[in-house]
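Single-structure report; data block below.
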Amino acid sequence: MEEAEAEAEVESNRDNVEVAPALIAVHPEQISVAVAVGPDLRVFDLLAGSAASLVDECGAPFHKDPIRAIRFGSRGKLFVSAGDDKTVKIWSTESWRCVCTVSSEKRVSAVAISEDGCHVCFADKFGVVWVVDVAGSHGHVTLGDRKPTPLLSHYCSIIPSLEFSPDGRFILSADRDSKIRVTNFPKKPLNGAHEIQSFCLGHTEFVSCLAFVHARECPQGLLVSGSGDSTVRLWDISSGALLDTCEVAAKAGLLESNGEAEEHGHAVTDLCTTISGLLIAVAIQSLQGIVLLSCDVSAQTLSVSKVVSIAGEAFVPTCLGFSPAEGKLWMVTGVSSLPACNYPPLARVRVISAIDAEQEPVVLGDDEIPGGEKLLETLQGSASVDESAFLAAAEAVKTAMRNLLIKKQYPADNRESRKKTRNDRKLKM
């Protein structure tokens, strides 16, 4: 009886982890927009006004399990997708050809591209960050077989977010144990990164997302981080000093509405900064919209500038992307699957324009979004959406994040059973 209960618990936990949020990434010049939902990778070419044709010599589907991370490089020449199928795919945005497929020993949780575009880093769910040399990747040229090299480790703590500092000197990794590690990115990263600059300590729950405020007076930028503790924090990465804390869930009115905080119910799921660094867009679980924070670089403080609500539909963003060229904030909500439902992967895209400290943000209608109906059909899978499904999707994402990032305590007699059913062991060649 006990063995059957243990097996049922393992299967239930596995089902929850496999629920993945929809993701969005925007080319820095708004040339294209990508959405990942479940194993599907969808890209729309805004210049051509049509879906991009992705080419991969490994064939379709490009990913066999949910995608957990997508990203454009800062120069827009490279795009990376990775996830639960233990593959990292590196794409040239000139041809949308997969120039390299890298195999990971474990499921991948986060990716980052160096500022010079020569290295791709990815984190696995056991807390190891790997690096791949991709120098020379462009156009139709494939890189062949590239082996990842271990760069650093968080020792069995899932890493939800990786970021390079704007000056390229540091790589930052955030984990579910509420810490942020700032590591000097070496000139020869294939030999490993052994010099830690600082730790940013202060969050009381998992750190879900990282971003940088760009400032002329601070070339390496000021770090902002979001967490399961419902806060956004501002850091000096050179020293690891905490500069300011903003209780974004409370400021957005989420905590007052329930009288008290629901445990882990208002986690910060994503954030991104504008090119000027004046505003930071924040997505929070249960908030149908976003919070815009203002960063005063001189005073080194954060404050709430606006709360932008998405009226008329159940839209709780799961991921954000900003277009510096056009000043537009792109948002997606959705989920890879709904437990006990037959829905296909769900995605809904919305856009906010006039993301500027001096203007009033405007939530664009579907007919006002760049690319219009064709873009929505490509990225959502359909121009129309079933609104009743998206509140359930938001709850499924919330549950999945909690199961993935909140540490579980198992009785000693269950541990051996769990070890036997692990599906992430390294395959013997």
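Just so you know, residue 1 is the first one in the sequence shown, and it goes up from there. Computed over heavy atoms, backbone and side chain alike; hydrogens, waters and symmetry mates excluded.
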| query | Are the side chains of Pro166 and Glu115 in touch, meaning some heavy atoms are under 4.5 Å apart? | reply | no
| task | State which residues pass side chain to side chain donor-acceptor pair (under 3.5 Å) with Asp270; sequence neighbours excluded, sorted by chain then number. | result | none
| said: What's the separation between atom NE2 in His119 and atom CZ in Phe185, rounded to the nearest 0.5 Å? | reply: 5.5 Å
| message | So that I know where these two stand, are Phe72 and Phe79 an aromatic pair - ring centroids less than 6.0 Å apart? | response | yes
| task | Look at the side chain of Ser32 and the backbone N and O of His27, then say whether any donor-acceptor pair between them is shorter than 3.5 Å. | result | no
| message | Taking Asp65 first and then Lys86, would you say they form a salt bridge - that is, a charged N and a carboxylate O separated by under 4.0 Å? | response | no
| query | When rounded to the nearest 0.5 angstrom, what distance separates CZ in Arg146 from OG in Ser103? | reply | 14.5 Å
| query | Is it true that a side-chain atom of Thr318 and a backbone atom of Val332 form a donor plus acceptor pair closer than 3.5 Å? | reply | yes
| said: When you compare the side chain of Cys295 with that of Val224, does any pair of heavy atoms fall below 4.5 Å? | reply: no
| task | For Ala69, check side-chain contact (heavy atoms from CB on, under 4.5 Å) against everything at least two apart and list the hits. | result | Val111
| request: Could you tell me whether the side chain of Ser294 reaches within less than 4.5 Å of the side chain of Leu279, counting heavy atoms only? | output: yes
| field | Arg350 and Asp366, any side-chain heavy atoms less than 4.5 Å apart | value | yes
| Between the main-chain N or O of Glu195 and the side-chain N or O of Asn184, is there a donor-acceptor pair closer than 3.5 Å? | yes
| query | Does a side-chain N-to-carboxylate-O contact under 4.0 Å join Arg71 and Glu163? | reply | yes
| query | Checking side-chain contact (heavy atoms from CB on, under 4.5 Å) against Phe122, which of Val129, Val80, Ile113, Val132 comes through? | reply | Val132
| said: Within the structure provided, determine whether Trp130 and Val128 are in side-chain contact (heavy-atom separation under 4.5 Å). | reply: yes
| task | List the steps, then state whether side chain to side chain donor-acceptor pair (under 3.5 Å) holds for Ser173 with His154. | result | CA-CA 9 Å; Ser173 43; His154 278 236; 2.7 Å; yes
| Any side-chain heavy-atom pair of Pro186 and Asn191 under 4.5 Å | no
| query | Does any N or O in the side chain of Asp244 come within less than 3.5 Å of the main-chain N or O of Leu302, such that one atom is a donor and the other an acceptor? | reply | yes
| said: When you compare the side chains of Trp330 and Ser323, does any donor N or O come within less than 3.5 Å of an acceptor on the partner? | reply: no
| For His203, does its backbone N or O pair with a side-chain atom of Asp229 as donor and acceptor, under 3.5 Å? | no
| Close side-chain approach of Arg68 to Ser109, heavy-atom, < 4.5 Å | no
| message | Within the 4.5 Å heavy-atom criterion, are Ser161 and Val207 side-chain neighbours or not? | response | no
| query | Hey, are Lys398 and Ser286 close enough side-chain-wise for a donor-acceptor pair under 3.5 Å? | reply | yes
| Backbone N/O of Leu292 and side chain of Ser305: donor-acceptor pair under 3.5 Å | no
| Any donor-acceptor pair under 3.5 Å linking the side chain of Ser227 with the backbone of Thr231? | no
| said: Keeping Asp177 on the side-chain end and Lys179 on the backbone end, is there a donor-acceptor pair under 3.5 Å? | reply: no
| request: State the CD1-SG distance between Ile90 and Cys100, to the nearest 0.5 angstrom. | output: 4.5 Å
| remark: Those residues at least two apart in sequence (or on a different chain) that pass side-chain contact (heavy atoms from CB on, under 4.5 Å) with Ser208 are Phe206, Val268
| Looking at residues at least two apart in the chain, or sitting in another chain, which of them share a side-chain contact (heavy atoms from CB on, under 4.5 Å) with Glu368? | Leu364
| query | Can you name the residues that form a side-chain contact (heavy atoms from CB on, under 4.5 Å) with Thr269, not counting sequence neighbours? | reply | Ala283, Gln285, Met401
| request: Can you tell me which residue pairs pass the salt bridge (charged side-chain N to carboxylate O under 4.0 Å, His left out) test with a partner in residues 282-305, sequence neighbours excluded? | output: none
| request: Could you tell me whether the side chain of Gln380 and the main chain of Arg348 form a donor-acceptor pair under 3.5 Å? | output: no
